[in-house]
Amino acid sequence: MPDLAALALDALIFIGLAWVAWRALGRSIPIAVIPIIIGLLLAAIGVLPASWGVPSKLGDQIGFLGVLLLAFTAGLETRQSAHLPTAADATPLPRTQALRFVASAGMALLLPFALGTLAAHYYFTGLPGWEAPKGGAWMGALAIGLCIAVSALPVLIGIVRELGPLHRPLTQLALRIAVIDDAVLWTGLALLLLVAEGGSLLAGASTTHVFAVGVIIVLAAAGSLASRLRTPPTWLVWLSLPVFLVAGAWASSQLGLHALLGAYFGGAMVPPSWTKRLPVERLGQIALIGLAPLFFGHSGLKIDGSVLGWASLQASLVLLVLAVVAKLVAVMLCPPASTLSRREALAVGALLQCKGLMEIVAATILRDHGLLSEHAFAALVTLAVLSTLLTGPFFRTLVKRHATADAHGRQPA
């Protein structure tokens, strides 16, 4: 099939069909997971003839550009909150609560990471096909633990917007924690890859590597200097975006990491005063709905259909229980605010357990570097889908029961 025809069919399946399915389901589930589900189903059934050219090469390239933009906007989101849904009277957290909040964010990340790593090392990596191709047992376990700890900021923002303003104080707490955890996740992912690739990176150091490090330093310095210009011209802000995106992605790929890492940190280097002048939400939507579905659909489609079976689903369900329980226990042990009731803390944990697209991105990077096997990757992709589908209904159930209990409590005796 000609390249353009294959691309058209590709887009029809993973963008058009996904959008139609989303509307047919009454927008009851996040649109982000539908291309992944389609890809997983097609991989399991094996109904696409190779002659159709799906996944197409052009679709791969467009999808990768979309996920680069998605990672870049995630980086932008960590530096400012003007684009986030907020209440009109929202105020920054008091300083007296800052330590508690940071401790809660750390607990929400470290507890799932620790439990996931230990479970992976002592159980999952011993399953047939789960051993990481490179790095040894502990590196593979750390990779799985990192995926278990993910809280997906971009998808969570969309879910919070769908939940509306009624429970805005709780959803704002979850978003603030997710911003911190998202930044720590990408940093941890970069460190893990540096440890895994460290020996070969140092042994093969070249002028290109030195230049790549220099590019990162220049970007960081440019971001710091640009922050002094509080009201930059709009044309200058737009002109700077592709520079931060392309330069960051190129530098990280040349260092043996992944271009997505550089795209994320490139976005994080853009000053908040500049980011506020950008339609970050619209950029994210363009990437999420119009481009990245090809990447995520292909991620599901390229999974070996033989690893998608009952055993993989069982592993995904066990990982889901582990991830959800760890997040809930974390916020119960260290709530982000002293005024939260137990059920409200659980509702925040229900939002934070959302894995979304960021886990799939992280898992893809780790698989490409040999730190995840195909079996582990398939289970983690399925976990991301199940976790994201669970988020909205789980949160609504908790806050609904809380509201019902409050109503009964206010009734006269």
Side-chain angles (χ1 to χ4, degrees), residues 67-68 71-72 74-75 77-79 102-103 105-121 125 132-153 177-205 208-210 212-217 219-220 223 244 247-269 323 326 330 355 357-373 376-377 380:
V67 81
L68 275 177
F72 184 71
E77 287 160 352
T78 63
R79 291 297 304 275
V102 172
M107 180 69 75
L109 188 68
L110 293 176
L111 183 61
F113 174 70
L115 293 179
T117 299
L118 292 175
H121 181 72
T125 54
K134 299 178 182 178
W138 273 111
M139 291 300 292
L142 288 169
I144 294 175
L146 193 68
C147 292
I148 294 294
V150 169
S151 292
L153 179 62
I177 294 174
V179 166
I180 297 174
D181 288 355
D182 198 57
V184 175
L185 160 72
W186 286 92
T187 304
L189 183 58
L191 291 175
L192 187 61
L193 294 180
L194 281 173
V195 172
E197 304 286 347
S200 60
L201 182 62
L202 292 176
T208 303
H209 292 107
V210 175
V213 172
V215 167
I216 295 174
I217 294 173
L219 282 181
F244 279 92
W250 178 86
S252 63
S253 63
Q254 293 302 311
L255 290 172
L257 304 176
H258 200 286
L260 291 174
L261 285 170
Y264 172 83
F265 286 110
M269 290 178 190
K355 298 289 175 279
L357 304 181
M358 288 301 102
E359 181 189 315
I360 298 175
V361 172
T364 300
I365 294 172
L366 292 166
R367 182 195 60 178
D368 291 347
H369 283 77
L371 298 180
L372 286 177
S373 68
F377 177 73
L380 288 169

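By convention here, the first residue in the shown sequence is residue 1. The analysis underlying the following values was restricted to heavy atoms, covering all of them including side chains, and did not include hydrogens, waters or symmetry mates.
Atom CG of L115 is separated from atom CG of L110 by 10.5 Å, given to the nearest 0.5 angstrom. Between the CE atom in M139 and the NZ atom in K134 there is a gap of 12.0 Å [rounded to 0.5 Å]. Rounded to the nearest 0.5 Å, atoms CZ (F113) and CD1 (I144) are 11.5 Å apart. For the atom pair F377 CZ and D368 CG, the distance stands at 8.0 Å (nearest 0.5 Å). Atoms CG and OH, from L185 and Y264 in turn, are 8.0 Å apart once rounded to the nearest 0.5 Å.
Residues L260 and V67 are in side-chain contact: their nearest non-hydrogen atoms beyond the backbone lie under 4.5 Å apart. Between L193 and L371 there is a side-chain heavy-atom pair separated by less than 4.5 Å. Counting heavy atoms from C-beta on, the side chains of I148 and T117 never come closer than 4.5 Å. No side-chain heavy atom of V195 sits under 4.5 Å from any side-chain heavy atom of L142. Side-chain atoms of V150 and D181, non-hydrogen and from C-beta on, never get closer than 4.5 Å to each other.
Residues A120 and A141 approach most closely at CB-CA, 3.8 Å, considering heavy atoms. Residues A143 and L192 share a closest heavy-atom pair of CA-CD2, 3.9 Å. Contact detail for G248 and L219: the closest heavy-atom pair is N-CD1, 3.7 Å. Here the shortest heavy-atom pairing between A259 and S252 reads CA-OG, 3.5 Å. Nearest heavy atom pair, residue W186 against residue A71, reads CH2-CB, 4.2 Å. In terms of heavy-atom proximity, A132 sits nearest to L372 at CB-N, 4.4 Å.
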Check: Checking side-chain contact (heavy atoms from CB on, under 4.5 Å) for the pair L366/L380: CA distance, chi angles, key distance, verdict?
Finding: CA-CA 11 Å; L366 292 166; L380 288 169; over 6 Å; no
Next item on the list: For the pair T187 and F265, evaluate side-chain contact (heavy atoms from CB on, under 4.5 Å) and give the outcome as yes or no after the intermediate values.
Entry: CA-CA 9 Å; T187 304; F265 286 110; 3.8 Å; yes
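Under the 3.5 Å distance criterion, the side-chain polar atoms of K355 are left unmatched by any main-chain donor or acceptor of C147.
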